[in-house]
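Working notes for the structure below.
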2 protein chains.
Amino acid sequence: MSKTTIRDVAKRAGVGVGTVSRVLNNSPAVSDATRQKVQSAIEALNFSPNPAARRLSQGKTMAIGVIVPFFTNPSVVRRLQGVVSVLSVSKYDLILFDIEKVNQRDMSLRTIPQRKLADGLLLISLTPSDIDVEQFALANIPVVLVDAYHPALSRVLVNNVQGGYQATKHLIDLGHRKIAYISDYLDDPFNSPVRDRFTGYKQALAEAGIAYREEYHLQGEHGRSPARHLTHTLLDLPDPPTAVFAYSDTQAIGAIEAARESGLSVPGDLSIIGFDNIEAAEYLRITTIRQALFESGVKGAGLLLNLMETPAAEPQEILLPTKLIDRHTTAQYGKKQLSGQIAALQT
Amino acid sequence: MSKTTIRDVAKRAGVGVGTVSRVLNNSPAVSDATRQKVQSAIEALNFSPNPAARRLSQGKTMAIGVIVPFFTNPSVVRRLQGVVSVLSVSKYDLILFDIEKVNQRDMSLRTIPQRKLADGLLLISLTPSDIDVEQFALANIPVVLVDAYHPALSRVLVNNVQGGYQATKHLIDLGHRKIAYISDYLDDPFNSPVRDRFTGYKQALAEAGIAYREEYHLQGEHGRSPARHLTHTLLDLPDPPTAVFAYSDTQAIGAIEAARESGLSVPGDLSIIGFDNIEAAEYLRITTIRQALFESGVKGAGLLLNLMETPAAEPQEILLPTKLIDRHTTAQYGKKQLSGQIAALQT
DNA sequence: TCGCTAATTGGAACCGGTTCCATTTCGTTG
DNA sequence: CAACGAAATGGAACCGGTTCCAATTAGCGA
């Protein structure tokens with residue numbers, strides 16, 4: 001039962017509590033002799049300081065709160081892994097908050113900062129509202145956004161407009177003219193990437209002189225299964241698309257499944273491109289737009305750590321590049337694939 | 001700047017600090033009238049109690065520490081998701097510790113409990129040593145193991161011997177006689193599943209009257225790439241196996257890659273079975289042994305929560321079943337697959 | 001030897017809650 | 001109407017650190 005306190009140590013070492021505290025905090029104002037005495041008393045009593053008391057007295061928690069939506073989303077997990085890799089070698093503990101439901105969101109974002117259980121906050125793929133940001137300012141807590149944007153907050157992001165452009169351009173370059181975009185709901189206020197990639201999609205279309213077709217843009221919940229249904233709707237169109245740009249790799253997988261169910265070969269009959277380059281995209285050889293997921297977590301954590309040391313007047317921004325990874329789910333329009341060249345998920 | 005304290009609230013409401021504290025903790029010994037006054041003072045001042053102070057005075061942290069090795073391992077992530085799903089609706093915060101290096105392990109396992117920053121500890125896929133367990137007892141902190149075993153601790157586990165047996169039996173039933181096992185290092189003291197599955201493997205072999213062949217069991221670091229190399233070694237044997245049992249799906253993926261690189265079709269020329277049933281196994285249609293990963297996290301968190309409420313004298317154990325999921329990477333020995341029946345990852 | 005400064009050290013006060021004990025208030029009962 | 005117990009309340013003491021100020025000691029130059 002280690003209920004030993006600093007006063008026990010002080011008594012045993014024959015010094016004052018202040019001195020013990022100084023030893024614990026490596027204050028230079030302690031003679032080597034006393035330091036020695038205190039050290040051995042600490043060891044003899046197997047003492048370790050109570051962090052709650054320390055927090056209370058110095059007003060710091062030595063913890064960082066990480067708030068994550070849908071912890072089951074693989075790209076979110078990958079970013080979190082980047083964050084963890086940095087924090088686990090720092091002196092800060094990591095407190096994880098998962099927000100699964102929308103109504104949970106508001107509550108959490110409001111209460112977490114004011115509960116003061118972290119010295120800094122990292123939001124992953126979660127766009128805060130103005131009210132939230134006000135709360136952060138009120139609580140005087142540094143916040144960094146990863147894969148989300150707010151003008152008043154520092155952030156790490158990817159150029160999603162460019163990514164959407166690259167994906168669409170790739171399909172256009174392959175000769176496709178009937179290109180669909182399946183995505184999360186465009187009007188989700190907390191998900192700006194979905195709109196940015198859509199912008200890039202329309203840009204590439206416009207640039208190539210291809211008219212935007214409303215029926216080629218379908219929205220739904222995020223996930224493999226909703227994407228499968230969306231793709232079926234697309235394929236059932238009187239004039240179905242020949243290529244699909246999926247908002248995420250997860251959704252691309254759903255699209256591939258739908259194609260298979262409809263007896264279409266990928267990429268022979270239908271080209272599909274994803275976004276994110278999650279690990280499964282590699283296994284499945286899905287053509288995709290890579291964004292540096294892990295790295296975004298690393299940079300975000302680093303930025304927050306910096307900001308906590310030396311607060312910056314201006315919000316900082318780190319922009320990460322996107323890159324086309326050309327694999328096996330996209331092909332030249334109209335050019336039938338040789339059998340055996342068939343890509344993943346094909347039976 | 002919300003540095004409002006309970007005393008400010010007391011002053012504004014015209015009551016004593018004790019009363020405010022009572023209101024905060026829903027003590028019944030407060031009249032409705034005063035409760036009302038205090039409530040409105042709290043709202044007016046936008047007050048919220050400082051958790052550090054609360055922790056200090058009542059000696060509870062309202063947090064649970066979750067210790068995880070190799071946060072990049074998909075099966076560990078999946079278990080963690082189960083844990084999160086339970087804790088995020090509980091009143092406990094979740095503090096995440098990632099142990100990437102072996103020497104980090106000892107240090108963390110020793111210091112985390114004594115730092116007293118959590119009321120309970122959950123170890124995922126991490127077997128503690130006797131010394132560690134002693135520390136837990138000393139710190140008087142409840143601990144639950146998920147996917148790990150120690151006689152003195154409550155745990156949630158899977159019957160790995162049975163799983164290894166099922167996998168091997170499946171291959172034997174398909175007519176295979178030359179069956180390899182690729183795995184993590186058997187002598188890793190913190191990884192008992194690797195030995196248990198090995199035991200199941202040998203059991204099934206013995207039962208079928210097949211002699212165990214040392215050269216068919218290869219060990220290496222965990223991961224896709226090491227597994228790929230191991231499989232190449234296997235395939236280069238003068239008398240190579242016709243089937244491979246991989247310790248994990250991740251390793252099965254590596255094995256599939258190796259087969260493809262060697263120009264072998266899966267399952268036509270080589271049957272491969274994995275373990276875990278991670279999501280990628282479904283996409284890739286890998287035959288595997290399912291263990292309830294997510295559920296193990298859910299049960300583990302639930303068990304810990306129970307134990308914290310009402311400590312049990314005896315360590316509890318929850319055993320989860322394993323089940324064969326027959327997909328497309330295993331086939332009857334000697335029976336060539338029709339082309340087009342080729343499984344995932346095949347180009 | 002004296003005086004002064006720098007280096008150490010002791011310990012009270014404080015951080016912001018909770019808890020327990022003493023006190024006040026009020027309704028009941030004889 | 002007095003006596004008494006229950007309910008409600010105030011506030012000191014405490015949890016276990018940190019910090020700052022005052023006090024002691026030591027070193028050094030004149």
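Letters A, B, ... mirror the listed sequences (proteins, then strands); counts begin at 1.
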Q.
Of the listed nucleotides (dT18(C), dT18(D), dC20(C)), which one gets closest to any side-chain atom of Gln58(A)?
A. dT18(D)
Q) Using a cut-off of 4.0 Å on non-hydrogen atoms, how would the nucleic acid contact of Val15(B) be classed: base, sugar-phosphate, or nothing? A) sugar-phosphate
Q. Which atom names give the shortest non-hydrogen contact between Val17(A) and Ile6(A), and what distance separates them?
A. O-CD1, 4.0 Å
**Q.** Position toward the 5' end of DNA chain C (nearest nucleotide), Gly18(B) or Ala52(B)
**A.** Ala52(B)
**Q.** Beyond-backbone contact of Ser125(B) with Val68(B), side-chain heavy atoms, under 4.5 angstrom
**A.** no
Q. dA13(C) C1' sits how many Å from Ile6(A) CD1, rounded?
A. 15 Å
Q: Go through the steps to decide whether Ser75(B) and Asn73(B) satisfy the test side chain to side chain donor-acceptor pair (under 3.5 Å), and finish with yes or no.
A: CA-CA 6 Å; Ser75(B) 65; Asn73(B) 182 329; 3.0 Å; yes
Q. Within the pair Thr5(B) and dG16(C), is there a side-chain N or O less than 4.0 Å away from OP1 or OP2?
A. no
Q) Between atom CD1 in Ile42(B) and atom C1' in dG16(C), what is the gap in whole Å? A) 14 Å
**Q.** Selection from dC15(D), dT18(D), dT19(C) that lies nearest to any side-chain heavy atom of Leu56(B)
**A.** dC15(D)
Q. Quick one: on DNA chain D, does Asp32(B) or Ala53(B) contact a more 5' nucleotide (nearest heavy atom)?
A. Asp32(B)
Q: Would you mind telling me which of dT18(D), dG10(D), dT18(C) lies closest to the side-chain atoms of Val17(A)?
A: dT18(D)
Q. In whole angstrom, what separates Leu45(B)'s CG from dG16(C)'s P?
A. 14 Å
Q. Cut-off 3.5 Å, side chains only: do Ser296(A) and Arg79(A) have a donor facing an acceptor?
A. yes
**Q.** Thr34(B) side-chain N/O to dT9(D) phosphate OP1/OP2 under 4.0 Å
**A.** yes
Q. Would you say the base of dG16(D) and the side-chain of Arg54(A) have a donor-acceptor pair closer than 3.5 Å?
A. no
(Q) Counting only side-chain nitrogens and oxygens, does Ser31(A) get under 4.0 Å of the OP1 or OP2 atom of dT9(C)? (A) yes
Q: Classify the side-chain pair Asp132(B)/His150(B) by whether it contains a donor and acceptor separated by less than 3.5 Å.
A: no
(Q) Under 4.0 Å, counting only non-hydrogen atoms across every strand here, what does Val30(B) touch: a base, just sugar-phosphate, or nothing? (A) sugar-phosphate
Q. Between the side-chain atoms of Arg55(A) and the base atoms of dG16(D), is any donor-acceptor pair under 3.5 Å?
A. no
Q) Any side-chain N or O of Ser57(B) less than 4.0 Å from the OP1 or OP2 oxygen of dT19(C)? A) no
(Q) Applying a 4.0 Å non-hydrogen cut-off, can you work out what Arg7(B) is touching in the nucleic acid: base, sugar-phosphate, or nothing? (A) base
Q: For Lys60(A) and dG16(C), give me the distance from atom NZ to atom P, rounded to whole Å.
A: 16 Å
(Q) At less than 4.0 Å, is any side-chain N or O atom of Asn25(B) found next to OP1 or OP2 of dT18(C)? Yes or no. (A) yes
Q: For dT9(C), take OP1 and OP2 only and decide whether either is under 4.0 Å from a side-chain N or O of Thr19(A).
A: no
